[in-house]
Amino acid sequence: MSEQKEPEGPSGIDRRELLVRVSQVTVAGVVLSSGRLLAAQEQVRKQAAKAAPGKPYSPKFFTAAEWAIVRTLADIVIPADARSGSATDAHAPEFIDFILDDPLAEVRDRERLQTRMRGGLAWFERECVRRGGKGFVEASAEERKRLVDDVAWPEKARPEMEPGAAFFTLFRDLVASGFWSSKIGIDDLRFMGNTFVAEWNGCPAEVLTKAGLEA
């Protein structure tokens, strides 16, 4: 029986591979512990609960222009599909904003991450303008896709694309961490927690099929 693949984004990375990245996330030389990820998600949930209906989130670290790029690029990394929402639906950009402005993080680590993020977003904007005369948000979906495809795989990136590839790896790992630790991401995995199972009837057929095994 053939394997049913997860939907792929423009970079060719599917959600399963992004999930693997969450358990290996090290950004700008800093390992994000599970405790820090959970703390960030808790802050995101609190902010969402306090927000007035229809009032957009006001980022703490990003400028308005950077925020627009972050939201656009995050939904390229994890777009909505038939099963769940996108990165912005899961508030992954808000998660990243908190990580970058986390008051409990080591100052040197936080500043290093902030520098990488701000520099990377500026690189994306400059490269997009160089190619087509328009910024990343204003560019067409096809123009954005071509740029992302050029930096999605660091080992395949051309030398002049290497700075963008290094940044995109950082950004993708942060988006994946924010998405998969969110309620939408957990629901996407069909995670039920430590629920009691009265009788074990084996692995469900659809799971075996997705894993490429015969049911």
Side-chain angles (χ1 to χ4, degrees), residues 6-32 40 59-80 86-88 90-102 105 108-180:
E6 294 282 351
E8 291 185 348
S11 64
I13 295 284
D14 64 26
R15 292 188 180 212
R16 187 179 304 166
E17 184 164 345
L18 286 170
L19 177 59
V20 171
R21 287 176 178 271
V22 175
S23 64
Q24 302 171 336
V25 63
T26 302
V27 293
V30 180
V31 177
L32 296 182
K60 307 298 186 298
F61 169 74
F62 295 108
T63 66
E66 289 170 340
W67 186 240
I69 298 173
V70 167
R71 289 177 58 81
T72 302
L73 187 56
D75 277 352
I76 291 175
V77 173
I78 301 184
S86 66
T88 55
H91 301 293
E94 289 87 341
F95 169 90
I96 296 172
D97 189 53
F98 176 81
I99 290 292
L100 288 164
D101 198 48
D102 184 356
R108 182 178 300 179
D109 290 343
R110 186 173 64 242
E111 290 178 347
R112 184 190 313 154
L113 183 55
Q114 289 175 343
T115 299
R116 288 277 306 277
M117 178 62 65
R118 186 146 279 157
L121 292 173
W123 184 94
F124 255 72
E125 186 74 354
R126 287 194 306 270
E127 181 62 19
C128 215
V129 170
R130 185 188 70 81
R131 292 182 178 206
K134 292 176 289 188
F136 188 76
V137 175
E138 294 75 26
S140 69
E142 181 58 31
E143 288 170 330
R144 292 194 292 261
K145 178 184 183 300
R146 284 198 295 267
L147 176 53
V148 170
D149 285 345
D150 283 344
V151 299
W153 304 95
E155 65 276 10
K156 297 179 181 178
R158 300 189 304 275
E160 66 272 21
M161 294 290 106
E162 288 177 359
F167 164 72
F168 187 70
T169 297
L170 160 68
F171 187 84
R172 182 166 53 195
D173 288 351
L174 282 170
V175 171
S177 297
F179 181 86
W180 293 113

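Residue numbers run from 1 in the order of the sequence given. FYI, side chains are in, hydrogens and waters are out, and symmetry mates aren't considered; it's all heavy atoms of this structure.
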pair Ile69-Phe62: side-chain heavy atoms closer than 4.5 Å: no
Pairwise side-chain contact, Leu73 with Val148, heavy-atom cut-off 4.5 Å (strictly under): yes
Axial cation check for Phe61 ring with Arg118, 6.0 Å and 45° limits: yes
Between CZ on residue Arg116 and CG on residue Leu170, distance to nearest 0.5 Å: 5.0 Å
Nearest-0.5 Å distance that lies between atom NE2 in His91 and atom CD1 in Ile96: 13.5 Å
Contacts of Phe167 that satisfy ring pair (Phe, Tyr, Trp, His ring centres under 6.0 Å) - sequence neighbours left out: Phe124, Phe171
Asp173 side chain reached by Thr169 side chain, heavy atoms, under 4.5 Å: yes
Heavy atoms of other groups near Lys156 NZ, more than 12 under 6.0 Å: no
Main-chain N/O of Val77 paired to Arg172 side chain as donor or acceptor, under 3.5 Å: no
Shortest non-hydrogen contact between Ala165 and Ala157, atoms and distance: CB-CB, 3.9 Å
Side-chain touch Glu94/Trp67, heavy atoms, less than 4.5 angstrom: yes
Flag side-chain contact, heavy atom, 4.5 Å: Ile99 against Met117: no
Side chain to side chain contact (heavy atoms under 4.5 Å, CB included) against Arg130, all qualifying residues, sequence neighbours excluded: Glu127
Backbone of Ala40 reached by a side-chain donor or acceptor of Asp102 within 3.5 Å: no
Pairwise side-chain contact, Trp123 with Val151, heavy-atom cut-off 4.5 Å (strictly under): yes
Heavy-atom side-chain contact between Arg144 and Phe136 under 4.5 Å: yes
Heavy-atom pair with the smallest gap, counting every atom of Lys60 and Asp101: CB-OD2, 3.5 Å
Shortest non-hydrogen contact from Ile78 toward Ala176: CD1-CA, 4.3 Å
Atom pair CG (Leu121) and OG1 (Thr63), whose distance is rounded to the nearest 0.5 Å: 8.0 Å
Exercise: identify the closest heavy-atom pair between Ala87 and Pro93: O-CD, 3.7 Å
Student check: side-chain heavy atoms of Asp109 and Arg112 closer than 4.5 Å: yes
Spacing of CG belonging to Asp75 relative to OG1 belonging to Thr88, to within rounding of 0.5 Å: 3.5 Å
